[in-house]
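What follows is a short report on a single structure.
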Amino acid sequence: MKGDRVEIVIDAGGSPRTYEVVATRAGRRVEVATRRGLVEVSEVTRSGTAVRTARFMSSRILALVEHPADEDSAIRHSTDEP
């Protein structure tokens with residue numbers, strides 16, 4: 001859903017760096033997958049096609065925070081009630 005976002009904080013040597021992957025359009029979502037020492041965060045369309053993907057080494061990740069979209073506001077926007 002538009003509004004889904006994932007924050008990733010990594011250890012970049014001297015100071016931590018923060019990255020965000022956000023679902024930019026309606027119908028898209030953000031998925032997180034962990035594979036063989038890598039964490040992949042992808043923005044995915046309704047049909048399952050990855051639009052953008054960010055990959056991070058799992059040993060460098062300090063925090064990974066998922067912020068799901070507020071479903072109540074999504075329902076309100078889709079019905080367009082005054």
Side-chain angles (χ1 to χ4, degrees):
M1 274 187 200
K2 183 175 180 178
D4 274 354
R5 71 184 172 105
V6 175
E7 275 182 87
I8 305 100
V9 181
I10 64 163
D11 178 21
S15 62
R17 288 193 181 183
T18 303
Y19 296 93
E20 283 190 357
V21 177
V22 181
T24 56
R25 291 189 175 177
R28 292 188 180 171
R29 63 189 184 278
V30 178
E31 293 184 349
V32 178
T34 305
R35 298 185 187 119
R36 300 184 70 180
L38 287 177
V39 175
E40 285 187 353
V41 182
S42 301
E43 180 181 359
V44 180
T45 63
R46 288 180 181 150
S47 62
T49 305
V51 178
R52 293 184 301 152
T53 301
R55 291 185 181 103
F56 303 95
M57 292 175 54
S58 59
S59 60
R60 294 282 186 181
I61 294 178
L62 301 174
L64 189 137
V65 182
E66 297 183 44
H67 300 278
D70 184 22
E71 291 184 22
D72 294 333
S73 68
I75 292 170
R76 272 187 262 128
H77 290 297
S78 66
T79 58
D80 293 326
E81 293 180 19

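No hydrogens, no waters, no symmetry mates; every other heavy atom, side chains included, goes into these values.
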If you count the non-hydrogen atoms of other residues, nucleotides and ligands that lie under 6.0 Å from CZ in Arg52, is the total more than 12? yes

Kindly give the heavy-atom pair with the smallest separation between Ala23 and Arg28, and that separation in Å. CB-O, 3.6 Å

Main-chain N/O of Thr53 paired with Ser42 side-chain donor or acceptor, under 3.5 Å: no

If two hydrophobic side chains count as joined below 4.5 Å and joins carry through other members, does Ile61 share a cluster with Val21? yes

Check for me, please, whether Tyr19 and Val6 land in the same ILVMFWY cluster - side-chain distances under 4.5 Å, paths through other members count. yes

Does Phe56 share a hydrophobic cluster with Leu64, counting links as ILVMFWY side-chain heavy atoms below 4.5 Å and allowing steps through other members? yes

Under a 3.5 Å distance rule, please check whether Glu43 uses its side chain to pair with a backbone N or O of Thr24 as donor and acceptor. yes

Tell me whether Ile10 is reachable from Val32 by hopping between hydrophobic residues (I, L, V, M, F, W, Y) whose side-chain heavy atoms are closer than 4.5 Å. yes

Do any N or O atoms from the side chain of Asp11 and from the backbone of Arg60 form a donor-acceptor pair under 3.5 angstrom? no

Check: Thr45 main-chain N/O paired with Arg29 side-chain donor or acceptor under 3.5 Å: yes

Same cluster (ILVMFWY, side-chain, under 4.5 Å), Val22 and Ile8: no

May I ask you to test the Glu7-Thr18 pair for a side-chain heavy-atom distance under 4.5 Å? yes

Please give me the minimum heavy-atom distance between Asp4 and Ala69, naming the atom from each residue. OD1-N, 2.8 Å

